[in-house]
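Have a look at the structure below, then the notes.
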Amino acid sequence: MDYNFREIEKKWQKAWAENKTYKTEIDHSKPKFYVLDMFPYPSGAGLHVGHPLGYIASDIYARYKRLKGFNVLHPMGYDAYGLPAEQYAIQTGTHPAVTTEKNIARYREQLDKIGFSYDWDREVRTSDPAYYKWTQWTFIRLFGSWYNKDSNKAEAVDKLTEIFRLSGNSGVNAACSETHVFTAEEWNSMNEREQQELLMNYRLAYLADTMVNWCPALGTVLANDEVSEGFSVRGGHPVERKSMKQWLLRITAYSDRLLEGLDRIDWSESLKDIQRNWIGRSEGCSAQFALKNTEKQLEIFTTRADTMFGVTFMVLAPEHPYVAEITTPECRAKVETYVNWAKNRSERERMAEVKKVSGEFTGAYAINPLSGEEIPVWVADYVLMGYGTGAIMAVPGHDSRDFAFARHFGLPIRQVVSRKGETPVDPSEWEESYDSKEGVMINSGFITGLEVKEAITSAIRRVEELGIGYGKVNYRLRDAIFSRQRYWGEPFPVYYRDGMPYTLTEDELPLELPEIDAYLPTETGEPPLARAKNWATKDGYPLETNTMPGFAGSSGYYLRYMDPRNTTEYFSKEANEYWQDVDLYMGGAEHATGHLIYARFWNKFLFDLGLTVKDEPFSKLINQGMIQGRSNFVYRISGTNQFVSYNLRKSYETQPIHVDVNMVHNDILDIEAFKQWQPQFSGAEFILEDGKYLCGWEVEKMSKSKYNVQNPDDLIGKYGADTLRLYEMFLGPLEQSKPWDTNGIEGVFRFIRKLWRLYHDFDNNFLVTEGQPSGQELKVLHKTINKIQEDTERFSFNTAVSAFMICVNELSELKCSNRQILNELTILMAPYAPHIAEELWSLLGNQGSVTFAEFPVYNPAYTVENTFNYPVSFNGKLRFTLELPLGIPVPEIEKAAIAAPEAAKWLDGKTPKKVIVVPGKIVNVVV
RNA sequence: GCCCGAGUGGUGGAAUGGUAGACACGAAGGACUUAAAAUCCUUUGGCCAUCGCGGCCGUGCCGGUUCGAGUCCGGCCUCGGGUACCA
């Protein structure tokens, strides 16, 4: 064996660990650079080949930055709390901590084999009391804070009570739950319980009754981003709506800042769009519609105040408090039946029946404040209580849902917007609502004739003049539900006195997770922590039995890495001032509406407290694409144990059967391995083509059941970590999703051995030559330096690997073994293939690790060409090429092109109309 | 429905508006070898060709801008992701 990767990789991994090569300290003499991977949840299945994709990319970048003279922080840890370990505990009784510990050990082993440059001394685990102490600490601070919209930041609740004591709440502009106005006297005469209840409306971490996503199978509540189409993201269990008392984080207070911050960070536009949509800011206006025969006003929110003259009815959500109050006796029975039916329908049913129109007339009428018309009030489940006010003004002419509803129940439809130059058609002939984003108002009283935009402003102004509403901004973003009825999570640092929650003091932290006898809810349905003995404070007050959700621990871990062993603070001021924020964050786009939004909120809150110097935590973020599986199939002839090769399958009636991809090489089946794979195939017969059995293939999700899972360990065993690293990068653009396919890995392996041979003679003796490199050698090297630098900086790692291949091919061609050239090449390779680079670096006689070498400086002087092979086109079609010196004047080039012997044929005796010459690029002759 | 992103050889993929298919894989042929592995060489988008001159067609489809379009613009089709009675 010439290139012995097994020995080399083991040797250097050991050396890096022993010398703590990647240990990082604050160093003010160097600029900092913080490269972070989204830390993994250590699942029992271990890493598959998709996980390291992002880690390899970020590791290459981290190593590159070190060569460029940066002090690089590149840590790793574990998102160690989570459902799978707890589910396993329920089934087996094994403590989740034990399972987690074991899984972490396996992850670590796998990660170490790939040769990452993590500073493991900074490892954090979210389930470690030394870590979650600070998660709990942050919760206490959230509980003790409110959001002042005037100063636009979080402030202490103590300051708020002071204001209440002196002047009540009328002058307070807070992001809060709905509260009535009270005076200082009223506040001061309240008892503590009343005051606490009131303050709950202001706290950034607060307790409230809310409709939650309850998952009976998991026995817990889930956040919106943990639910997809009515099923839990983890496990795929059905989810239903239920009202429960829950802790919430008032993330909505930060809606605008979360939105604004997106403009200042370097994330992909698509990811920012996902967050923008999730926050869902919409500008509009709120307006009160008077209800006939009562004093009541019905408040609605609309983004299209201009269409108010087109309102022909109103709709309330079934949960709207007014439904019961305004329904007339004649309609009561029907409305009650409808409301009950609507309320009990699961999310699932509602989603499945979006197209079905349902609703009921309440018997009540409202009065259109602009037109004075009387309009009926309906109740229907297409209006959601959770958005706006739970009531809408229906404009069936210009809203598809209102239109469908009006058609179904025979309600009038009126057109109020018309595009310029179009003659309005009777709405009764429409098949759908009329798109009204642009146009001119018609049938609209005082705004008739205005453009939509002006009409909106005009209508809002009138609403404000009438004192029935005001311009308002609405958000789709909801406060984050922060309680989970689970065991394996952070305990809340909260106890209850007289039924009111209070937080522990800082010196009582961490509040450690107690031992319990079974990882299940109690018989009375309380969360598992209710089983813990003495789950109470020293004074005997009961502690909170919910635990925090998965996103709690991951919301601030990047800050803790800056100073992970600090026992007196979350992280020191010094550490935060040095490391500031994450310069490069690498991870999956699936966290767009979860972790990535919570972490930004968490960080902004800590920024308000003055703890962090940056309000945005991740200045650049890259989403690595998903690695999909590539499945292989064999084709069994129906009713037989005969298998027909891929291209012959059409002549038979066959069923495709998944076959383990590890038994297939370049789509050719290892027949013996297949026979031994499962007993049912032991007697299998095969119809071959060209003496081989060819399998079919398809791109699918990587999963055990599809037998297409590839784990990195096998590949490292066969080719080594450096080959795996290069191959994962060579697969294609980092951000693109792509199928995993080992078909190309041989090529990368060949390349790396070819690289090795540059430094060795035929007998594998290390051999480099001294002396000055040739001009050609320098040209190849410097072309490569330039390309690698450019490609690495724009994260185009696939083309960088190609550039290395070209470089090694060319140097091999030149039979180059020059020390100077190879020394520089070694440094270039180091971020990509660190083990072989380290070995060659030491063979070259260099002291110390190549990690801290200096990145070669590109010298364009070595790569200048003095001639250029001009492509000459006629009418845009390439006809021939012409070698000409660079730097000769344009008319000369023109002349040379036309005078070329090949040109005569295309000129056909004519004089060219025009000749375009782009020096150093192209010549185009127009005939 | 709405908002993004992507469609290039048998495959993964290259290509600041300037020689489409770099670099690999696979395949075919050859060298070396008792043989195999490894290695090396040649060919490899399609069609036509008096296959050593050459030509025509080709980047999902239809148009447009331009001396010149895979790249820019307009309209469609397909696939992937996000979101969904959000007023």
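Lettering of chains follows the sequences in order, A, B, ..., and the numbering in each one begins at 1.
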Residues at least two apart in sequence or cross-chain that pass salt bridge (Lys or Arg N to Asp or Glu O under 4.0 Å) with A:Lys706, listed by chain then number, are none
Numerically ordered, the residues 392-405 of chain A set in heavy-atom contact under 4.0 Å with RNA chain B is A:Ile392, A:Arg401
_By the 4.0 Å heavy-atom rule, please label A:Lys913 as base, sugar-phosphate, or nothing._
nothing
Are A:Phe797 and A:Ile60 packed together at the side-chain level, in the sense that at least one heavy-atom pair is separated by less than 4.5 angstrom? yes
Sorted by chain and number, sequence neighbours left out, salt bridge (Lys or Arg N to Asp or Glu O under 4.0 Å) with A:Asp266 holds for A:Lys620
How far does the P atom of B:U65 sit from the matching atom of B:G55, given to the nearest Å?
28 Å
Any donor-acceptor N or O pair under 3.5 Å, side chains A:Asp479, A:Thr252: yes
Salt bridge (Lys or Arg N to Asp or Glu O under 4.0 Å) filter on A:Glu360, not counting sequence neighbours, yields none
Q.
Taking the ring centre of each residue, are A:Phe313 and A:Phe405 less than 6.0 Å apart?
A. yes
The side-chain hydrogen bond (donor to acceptor under 3.5 Å, both in side chains) partners of A:Glu431 (sequence neighbours excluded) come to none
With syn defined as a glycosidic angle within 90 degrees of 0 and anti as anything else, the base of B:G13 is anti
Handout entry: Close side-chain approach of A:Val416 and A:Arg304, heavy atoms under 4.5 Å
Key = no
Residues passing the ring pair (Phe, Tyr, Trp, His ring centres under 6.0 Å) test with A:Tyr858, sequence neighbours excluded, are none
Looking only at atom C1', what distance separates B:C62 and B:A28, rounded to whole Å? 39 Å
Readout for nucleotides 45-54 of chain B: B = base within 4.0 Å of protein heavy atom, S = sugar-phosphate only, - = neither; 5' to 3' it is ---------S
Worksheet item: Mind checking the C1' distance from B:C48 to B:C53? Whole angstroms is fine.
Response: 14 Å
Nearest-Å distance once atom P is located in both B:C77 and B:C25
40 Å
B/S/- along nucleotides 5-18 of chain B (protein heavy atoms under 4.0 Å) is -------BSSSB-B
Nearest-Å distance once atom C1' is located in both B:U78 and B:C23
29 Å
Base-paired stretches in RNA chain B with three or more consecutive Watson-Crick or G-U pairs, both distances under 3.5 Å, amount to B:1-7 with B:77-83, B:10-12 with B:23-25, B:26-31 with B:39-44, B:45-48 with B:54-57, B:60-64 with B:72-76
| said: So, OP1 or OP2 of B:C56: does either fall under 4.0 Å of a side-chain N or O from A:Arg879? | reply: yes
Note: contacts of residues 805-813 of chain A with RNA chain B (heavy atom, under 4.0 Å) are A:Met805, A:Ile806, A:Asn809
- request: Answer yes if the side chains of A:Asn623 and A:Trp267 hold a donor-acceptor pair under 3.5 Å, and no otherwise.
  value: no
Applying salt bridge (Lys or Arg N to Asp or Glu O under 4.0 Å) to A:Lys783 and not counting sequence neighbours gives A:Glu810
- Message: Does A:Arg750 reach a base, just sugar-phosphate, or nothing at all? Heavy atoms under 4.0 Å.
- Response: sugar-phosphate
| task | State, without any angle test, whether A:Tyr387 and A:Ser282 hold a side-chain donor-acceptor pair at a distance under 3.5 Å. | result | yes
For the residue pair A:Asn924 and A:Lys914, confirm or rule out a side-chain donor-acceptor distance under 3.5 Å. no
B:A87 to B:A14 separation - C1' atoms, rounded to the nearest Å: 48 Å
Sorted by chain and residue number, the ring pair (Phe, Tyr, Trp, His ring centres under 6.0 Å) partners of A:Phe868 (sequence neighbours excluded) come out as A:Tyr870
Exercise for the section: Indicate, with a heavy-atom threshold strictly under 4.0 Å, whether A:Ser873 touches base, sugar-phosphate, or nothing. Expected result: nothing
| said: Any carboxylate oxygen within less than 4.0 angstrom of a Lys/Arg side-chain nitrogen, looking at A:Glu728 and A:Lys738? | reply: no
Is a salt bridge present between A:Asp256 and A:Arg281, judged by a nitrogen-to-oxygen distance below 4.0 Å? yes
